[in-house]
Amino acid sequence: MSTIPSATPAGALYWPVQARRNIGVRSLFVVVLGFLIAYGVLFPGLFTASGFAKFTQSWFPLALVAMAQAILMLTGGISLAIGATVSLGAVIAATTMAGPLGVAGGAAAVAVTGLGIGAATGFIVVRLRLPAIVVTLAGSFIIGGAALLVLPRPGGSIPEWLSDMLAGNTPAAFVILVLIVALWKLYLATPLGLSLYASGENPVGAYRSGVPVDGARIAAYAISGLLSTGAGLFVAAQTGSGDPVIGTAFTLNSIAAAVLGGIGFLGGQGTMRGALAGSLLLSLMISVMFFLGFTPVAQYVAQGLIIIGAVAIPQFRKVQQ
Amino acid sequence: MTASNDSVGGGRARAILSSRPFMTLAIVAVVWIGASFVSRGFGAYGHLRYLVELGAVIGLVATGQTFVVIAGGIDLSVAAIVTVSAISLPLLSWQMDPTGLASVLAVLALTTAIGVVNGLGVALLRVHPMIMTLAMATFLQGLLIIIAGGSAVTAENPLVHWLGNARPIGIPAGILLWVAVSAIVLTVMHATPFGARIFAMGANPLAASLSGVPVKSTTLAVYGISGFTAGLAGVLVLGMNGQGYVGIGDPYLLASIAAVVLGGTSILGGLGTYAGTIPGAVLLVTITALITVVNASPGWRSILFGSLILGLLLLSGREQARR
């Protein structure tokens, strides 16, 4: 959409630029707000400390994978391996954190794995020039297989205090999410972050203007991997153990959240706040359906319909105008 | 089909020999010969015939996928459609239908309709193909569990049973079906105006539209074909298995896309041929068979499968650098 960098030297430009970026996602924000109000009215528990904590915890992993997918889509890539990467992060966390490595060592192992997988995927896609869809589809088998090797069946454990901190009655998840968004803002101000939109919108033009296109895209894949395994760590903390296939549903949901949030498939279109709002909308929909007593199966059906509707209606309006 | 052209002219023979479909075919031959030295039973006629029979299912699913990919889209709902076909067919057995033909036709009509709905979403609502077909897959997955529950359903359809088990003139009926479909598809793709329109649309939709290609109806047709062939594959896999259950089609999503890409069709559209998808499908089945021979744990098997596909892609699937 707009490729004006968010941190121009002239500070006066900052807010007008941000306002312009909001134009595309304004209607989405209204819908999300409407859903939030409906949710708050239906389930007043949302406004207690523990209710807010639980709500943000159910949103948190989806928000992370939506960001992971959005970064890739902004550079013109995509990943169908997000779900497998989440699973791998979960099983690594569940097998290392209670062992001699401890929580810090386990978290480091999860982070390094995510960065490594992401960077390797990025290298294959960008440098070896293979289509991202196929690489990540094949990658999902490799990563999923690795998760099965680490933990063949559900098991392992997460130290109880960590589970309590991340998934207990504290808003820790929300605070971490705010921190991640702040880091994302910082990243967008670095040279690689600035190149992100440019290399997605017009890779050839960006390359000829001296933008490190390949570097920006590989870095995007690495960050995406880090966010995915991080989501896995959180899911493991939530359930208190690891499961080698727990992340499967995140692949579709990450794409759905990013697309609901207005991220285009062609690269360079959309904003991270849109993707976050999209993931919030999706998470709200899932919670509302759960509370209304939909069976998981009916949730599949409704989710499929809602995603098509939510993506199609704005497009349809655009065509008619 | 390739070597006999030497007399026509060296240039043409060289073009065929260096083409991607031929390269994939060569890889299959090398793998088959190599594997039969390592493992004694691998090169037996019966085993190779069995491999091609398994390849027929992938080949059929990949037929529609090839059309969709060449037209610039992608169909991520084929696995769900295969399952729909394999589960709804046993439920549709009618008394006044002794051959089973009517219920097969009804199921194929149903899956074609699902494909057309995909096409409607892509062409009219302008939803991105990946979202449209993924959402369709999610929707169908939920619907299937509602309809069939967790249990397997047994097919008692004579035609389906014949398709999965009969061997007229010593060749499995599934392979004969695949050969027939391949002949039709290759003709449609490379010798009809419809085929030319698909390539034009995939290469540049705007230019195609401005040149008078009916983009909307062609898109509908392409996704309809994909629904039809996935349904056909579901009928065949039901015949070979005897039972249909939720998840029976799951392996065929990656397989269909991999077969298309390994066969040299560009995932970006506008370039490719079904002639490459055919050896691509056989190659995939061969890889799976080899991995089974290795006798590893499920984790290693999955890693090996992904790595081999990635390695083969490096040989054949690279896009041109554009700068």
Side-chain angles (χ1 to χ4, degrees), chain A residues 78 80-81 84 124 128-135 137-152 203-205 207-208 213 244 249 251-253 255-256 259-260 264-266 295-313 315-316 318-319, chain B residues 69 74 76-77 80 117 120-122 124-132 134-147 149 253-254 257-258 260-262 266-268 296-314 316-323:
Chain A
I78 192 157
L80 298 181
I124 294 172
L128 304 181
R129 297 196 307 278
L130 286 175
I133 299 179
V134 193
V135 171
L137 206 51
S140 72
F141 276 75
I142 301 176
I143 300 165
L148 277 174
L149 284 188
V150 174
L151 199 65
V204 178
Y207 178 79
R208 290 183 180 159
V213 174
T251 303
L252 169 63
N253 284 341
I255 299 176
V259 173
L260 282 177
F265 273 95
L266 299 174
T295 59
V297 172
Q299 280 182 35
Y300 273 129
V301 175
Q303 212 173 312
L305 290 176
I306 291 172
I307 290 170
I308 296 178
V311 176
I313 290 165
Q315 292 279 0
F316 202 56
K318 216 183 285 172
V319 172
Chain B
V69 168
I74 192 160
L76 301 180
S77 66
V117 172
L120 281 173
V122 172
L124 296 184
L125 300 180
R126 311 192 56 80
V127 181
H128 191 276
M130 205 183 286
I131 288 292
M132 183 63 214
L134 257 183
M136 175 61 86
T138 314
F139 174 78
L140 290 176
Q141 197 182 353
L143 209 61
L144 279 170
I145 301 175
I146 293 178
I147 294 173
L253 173 58
L254 173 73
I257 297 173
V260 169
V261 178
L262 289 179
S266 164
I267 198 87
L268 304 174
S297 74
W300 277 115
R301 237 182 280 165
S302 180
I303 292 178
L304 220 54
F305 185 69
S307 313
L308 279 171
I309 289 183
L310 214 52
L312 288 168
L313 278 175
L314 277 175
S316 68
R318 295 174 70 165
E319 305 285 345
Q320 298 295 317
R322 277 171 288 179
R323 57 179 48 147

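Labels below follow one simple rule: chain letters A, B, ... track the order of the sequence lines, proteins then strands, and each chain is numbered from 1. Computed from a prediction, not measured in an experiment: that's the story for all the values here.
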What's the spacing between [X] [atom1] and [Y] [atom2] if we round to 0.5 Å?
X: Ile78(A); Y: His128(B); atom1: CD1; atom2: NE2; result: 7.0 Å
X: Leu137(A); Y: Ile267(B); atom1: CG; atom2: CD1; result: 9.0 Å
X: Arg129(A); Y: Leu314(B); atom1: CZ; atom2: CG; result: 11.0 Å
X: Ile131(B); Y: Leu252(A); atom1: CD1; atom2: CG; result: 7.0 Å

Item to complete: Spell out, as yes or no, whether a donor-acceptor pair under 3.5 Å connects the side chain of Ser302(B) to the backbone of Gly144(A).
Response: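 Such a contact is absent between Ser302(B) side chain and Gly144(A) backbone.
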**Report entry** For the student: nearest non-hydrogen atoms of Ala138(A) and Ile309(B), plus distance
**Finding:**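 Of all heavy-atom pairs spanning Ala138(A) and Ile309(B), the closest is CB-CG2, 4.1 Å.
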Which bit of [X] is near chain A, if near means a heavy-atom gap under 4.5 Å: side chain, backbone, both or neither?
X: Ser307(B); answer: both
X: Ile257(B); answer: side chain
X: Leu308(B); answer: neither

What part of Val259(A) gets closer than 4.5 Å to chain B, counting heavy atoms only: side chain, backbone, both or neither?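 Contact with chain B involves the side chain of Val259(A) alone.
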Counting only heavy atoms closer than 4.5 Å, note whether Ile124(A) contacts chain B via side chain, backbone, both or neither.
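Just the side chain, heavy atoms under 4.5 Å.
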Using the side-chain contact (heavy atoms from CB on, under 4.5 Å) definition, which of the options Ile133(A), Val134(A), Leu130(A) pairs with Val261(B)?
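Of Ile133(A), Val134(A), Leu130(A), side-chain contact (heavy atoms from CB on, under 4.5 Å) with Val261(B) is met by Val134(A) alone.
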- Item | Close side-chain approach of Phe141(A) and Leu254(B), heavy atoms under 4.5 Å |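 Phe141(A) vs Leu254(B): side chains touch.
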Using a cut-off of under 4.5 Å for heavy-atom pairs, which of Ile142(A), Leu80(A), Leu148(A), Val150(A) has the most such pairs with chain B?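 Highest number of pairs under 4.5 Å: Ile142(A).
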